[in-house]
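Remarks on the structure that follows.
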Amino acid sequence: MSRLVAPLLDLLAVVVFALVGRRSHAHGITFAGVLETAAPFLCGTAAGYLVASITLDASPRTWRFGVIVVAATVVVGMLFRRLAATGTAPSFIVVASVFLAVTMLGWRLVAGFVA
């Protein structure tokens, strides 16, 4: 079970990001809508776990692992959004990067203090 905590918290961060974005832009909160918004970033999160797992000898709970996951989440997510022509305005890239970094690295920081 403990092996699932890190990826679940990162996936939760992406879903919350999608929910907040959809609500703040009045796009409606539906399962399909949230999935449409979150899907590119969820793919990026999965890619980040793959890259970090291959390149690091570190737990997914470490900040080094988290930095790779955040970077992949944002880069892959934006690339997929660009390919789908769903918007990659510079302000959106900044907001997405900051929100995902704060949430994905934030829980790791808290976990490090607790441990």
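These numbers come from the heavy atoms of this one structure, side chains and all, not from hydrogens, waters or symmetry mates.
The minimum heavy-atom distance between A96 and M78, with the atom names listed, is CB-CE, 3.5 Å. Shown here for G33 and T30, the closest heavy-atom pair between the two residues is N-OG1, 2.9 Å. Taking all atoms of both residues into account, the shortest heavy-atom contact from A72 to A47 is CB-C, 4.3 Å. Considering all non-hydrogen atoms of both residues, V76 and C43 come closest at CG1-C, 4.2 Å. Between T37 and A18 the shortest heavy-atom distance is CG2-CB, 3.8 Å.
At a threshold of 4.5 Å between side-chain heavy atoms, the hydrophobic network of Ile, Leu, Val, Met, Phe, Trp and Tyr places V95 and V75 in two separate groups. By the criterion of side-chain heavy atoms lying less than 4.5 angstrom apart, applied directly or through intervening Ile, Leu, Val, Met, Phe, Trp or Tyr residues, L11 is grouped together with V70 in one hydrophobic cluster. V102 and V16 sit in two unconnected hydrophobic clusters of ILVMFWY residues. Membership requires side-chain heavy atoms under 4.5 Å apart, directly or through other members.
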So W63 and L109, side-chain contact (heavy atoms from CB on, under 4.5 Å) or not? Walk me through it.
CA-CA 7 Å; W63 68 269; L109 182 65; over 6 Å; no

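Of the charged side-chain nitrogens involved, none lies within less than 4.0 Å of a carboxylate oxygen, so that D57 and R64 do not count as a salt-bridged pair.
Side-chain contact between V110 and V114 is present, with at least one heavy-atom pair separated by less than 4.5 Å. Contact of the V5 side chain with the R61 side chain is registered, since non-hydrogen atoms from C-beta on lie closer than 4.5 Å. Side-chain atoms of L12 and W107, non-hydrogen and from C-beta on, never get closer than 4.5 Å to each other.
Atom CG of L100 sits about 5.5 Å away from atom CZ of F17, to the nearest 0.5 Å. Distance OG1/T45 to CG/L50: 12.5 Å, rounded to 0.5 Å. In this structure, CD1 on I54 lies 14.5 Å from OH on Y49, to the nearest 0.5 angstrom.
Side-chain contact annotation: R81 with T88, donor-acceptor N/O pair under 3.5 Å absent.
The other residues sharing a hydrophobic cluster with L35 are F31, where clustering joins ILVMFWY side chains under 4.5 Å apart. Counting side-chain heavy-atom gaps under 4.5 Å among Ile, Leu, Val, Met, Phe, Trp and Tyr, the cluster of V34 also holds V15, L19, I29.
Using cut-offs of 30° and 60° for the angle between ring planes, the F92 and F41 rings count as perpendicular.
In terms of modelled atom types and a separation under 3.5 Å, the side chain of R108 and the main chain of P60 share a donor-acceptor contact.
Of the options V74, V67, D10, a side chain to side chain contact (heavy atoms under 4.5 Å, CB included) to M104 is made by D10 and by none of the others.
Within 6.0 Å of CZ in F80 there are 12 or fewer heavy atoms belonging to other residues, nucleotides or ligands.
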